[in-house]
Amino acid sequence: MADKEATVYVIDLGESMADCHNGRDESDLDFGMRYIWDKISTTVAASRKTWNVGVVGLNTDETDNNENRAEYQGYENISVLQELGPMTMTSLRALKSKIEPSSTSSADAISAIVVALRMIQTFTKKLKYKRKIIVVTNGESPIDDDQSEEVANMLNDVGIELIEENEKILKTLVDHCENGVFGTMAQAVEELAIPRIKPVRPFKAYDGALTLGDPQKYPSALSIQVERYFKTKRATPPSASNVANPNGPPQTQVWDEDHGVPFSGVGFQPVKQLRTYRIEDSKAAGGKKDVDMEDLAKAYQYGRTVVPFSKSEEDYLKYDTTKSFTIIGFVPMSSYEPFLNMGETGLIVAQKVNEEAELGLSALIHALHELESYAVARYVNKDKAPPQILLLKPNPAIEDDIECLYDIPLPFAEDVRSYQFPPLDKVLTITGNVLTEHRLLPNNDLQQAMSDYVDAMDLTELGQDDDGHPAEYAPIDDLYNPVIHHMNQAIRNRAVNPDAPLPPVAGILTRFTHPPESLIAKAKTEIDGLINAAEVKKVPPKVQGKRGRKDTVKPLSGLDIDALLGETRPRTKKTPIISTENAIPEFKQILETAEDDETIETAAKQIGNIIRKLVSDSFADVLYPRAAENLRVMREELISMEVPTLYNKYITELKEGLLSGELNGDRREMWFRWVVGGRLGLITQDESEVSQVSETEAKAFLKFSDEKFGRHLELPNHCHCVCLGSAVKEYLYFPRSPLLPNYYSLPDNRFRASPPPNNDDNPTIARASPLRSTAAPLFPPFCILPYDTSRIRIAAVNFMAKAN
């Protein structure tokens, strides 16, 4: 069961709390509320009903508390601002409006503590609670400490922890309390930047037998009843979900990670997702029909084919496992490499109140420790769960008081990637010679300089302990995840101040992101020596030249290399030849060093010829992806060079060649699938300011056109067909299916094509005929024609779209 807490905050709202002290530009009240708001917002974010908060105002203009009666005096100007109970965003916003300095400073802080004490007694009764009272005051108001010892005894009897900030007069009361804590508000605010580690209770992942051998087959097999708990668990930032704001645009709301309870009461509405599935259906309204989830089947892509699997088939293919924890072998500690660790660590202990299990596990742990070995086990935490291979490390309670096994997941064979890299201390030539001196190998001076640098940057004893002695720098307990904790701090700040800017990253989260300045200053000699030995030079920045071109890189010395070499005569410009095998890098290299438009035009012409040659030499569509990649790079580079006219002129000529058959046959698939599908059309004004092509012209350019067959329809996004033919209403053109390149799609599964007749003028003509049960639809409403041809004309049927 979750811990129950009851916390009452006593806040001084006196007139003096509006003053600023100690050089701050914010009042004492605002400064102190930084601590209070952080604590309360943390409680709100947890959204736990067992965490209760109450707020008492000290030195308020009004009096509102249950102790202010005729028989009692001294409870004036004390008000209960928030009754003890669960805290929500609504109550937080309401409380914030009540925190304002008053015009009085006559209330007694001891009396306010008594009011908070009565609130906790009434709410918690005799139940088990963590009771706490936190007092924030600057001590400017009068305090009657005659009964401080009596009040302290009452706090001790109830078991209340008293935390007092900023008032030395109340230190006597704190000292009399068994659980009293005294401090200044400056200390409390400073500690707000320290991340709060969320306490995590042990979570049992397995409860059963740890076996060595099969106890059902062999009586001598080992079986120990154990329990497995998580030792480490990955921490993640709070998750977020979209919510609807009735009074504004959609916003993002943070959910508690453990309980899934959102911040409530601020006008947001949860958003429910509704998913529908539709298929093409010409008979349905709008051409689409909704289908139920039960009518769908999972399918996997096998190459370019979709392979469906039913639910029963998928269940049959699942690997059937049963809950088990079995040791399958042992390995020496010296042969295990730490980089094989694959996940989160677990802790294995003997079953509670089981002496036989405790004795058996202890014997196993000490045997592994004495033999300096690890155990390897197969672990399945529940039936039908995927198996894991765990490495079991013995912990014989020598360094601590826990006798247990630690486990860590190991990789399977397919998880291991073996790569071979060249050696670092030698160079192997093509002929097999071994070189120990090479420009890529460090010399003795460089190795010594690097060794001195590593020794100078040693962090092992750079830190200091509480006594000022050398200690480890950046211990693990002081390293925090800046993403998680800064997110939590930002959420708390936004909850209290929704209109304020987000706070900067706390220094405690970033102090270890850079090397210590003192260490860098101390190691300056070694750093300079390493720079000289390695001949480190600053790389000149890449400067963008005119029209996006990069300027020619000049030597750091500033000398004229041509003049030094005596090359005073003018040199003829010669653009390097771009090879087909390495076209993209060579094309980019030429553009980087281009000094005039002529060089750019020549390079664009060369890669354009390479693209045409790839398409022309391609057997079917083998070389189409390579040609499309070259075309994409050509388009991107010419956009960056601000010469879109070259590309637009080239793509226009390429389209004509692809659709007219000039490139060694019909290459319409290259146009539709790779150019149109890859969005490699004309460069528009939106992509380049110097382009003269509008978006409308670019879309019109992608429309299908064939002067030989007359006017045709534009290819729809949802269909694989285009009308064509000398009489436009007579024929349909079907490009290759993107999933099955050797098949063609029909827009209706009621028809199929008859075998094409031998006709020289129209070599592939198929006339439609009715087909009902023998069609094999790829995706409704398509079916497959088993004809390996690049063009097919089908006689018009009643489902064909009519052209104007």
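Summarising the geometry, atom CG belonging to Asp528 is positioned 11.5 Å from atom OH belonging to Tyr453; distances are rounded to the nearest 0.5 Å. Here the CG-CZ distance, from Asp617 to Arg612, works out to 12.5 Å after rounding to the nearest 0.5 Å. We find the CD-CG distance between Glu656 and Leu663 to be 10.0 Å, quoted to the nearest 0.5 Å.
Between Leu591 and Ala603, the closest heavy-atom pair is CD2-CB, 4.3 Å. For the pair Glu697 and Leu682, the tightest heavy-atom approach, listed with the atom from each and the gap, is O-CD1, 4.4 Å. Nearest heavy atoms, Tyr647 versus Gly681: CE2-O, 3.1 Å. Heavy atoms only, all atoms of each residue included: Leu530 and Leu446 are closest at CD1-CD1, 3.9 Å.
For the ring pair (Phe, Tyr, Trp, His ring centres under 6.0 Å) test, no residue two or more places apart in sequence or in another chain qualifies with Tyr302.
Side chains of Thr431 and Asn433: a donor-acceptor N/O pair is present below 3.5 angstrom, by distance only. Defined by atom type and a distance below 3.5 Å, a donor-acceptor pair is missing between the side-chain atoms of Glu642 and Ser688. Side chain to side chain, Ser579 and Asn582 fail the donor-acceptor criterion of an N or O pair below 3.5 Å.
For the side-chain contact (heavy atoms from CB on, under 4.5 Å) with Trp671, the lone residue among Leu654, Leu702, Val615 that qualifies is Leu702.
Salt bridge status for Arg668 with Asp666: present, with a side-chain N to carboxylate O gap under 4.0 Å.
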Problem - Steps toward side-chain hydrogen bond (donor to acceptor under 3.5 Å, both in side chains) verdict (Asn648, Thr645) - result: CA-CA 5 Å; Asn648 291 341; Thr645 306; 5.8 Å; no

Practice task
Determine, stepwise, if the pair Glu637 / Arg632 fulfils salt bridge (Lys or Arg N to Asp or Glu O under 4.0 Å).
Solution key: CA-CA 9 Å; Glu637 292 297 321; Arg632 182 190 63 80; over 6 Å; no

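Put simply, the side chain of Ile610 reaches to within 4.5 Å of the side chain of Asn630, judged on heavy atoms. By the 4.5 Å heavy-atom criterion applied to side chains, Lys605 and Asn609 are counted as neighbours.
In the displayed structure, Asn444 atom CG is contacted under 6.0 Å by at most 12 heavy atoms of other residues, nucleotides or ligands.
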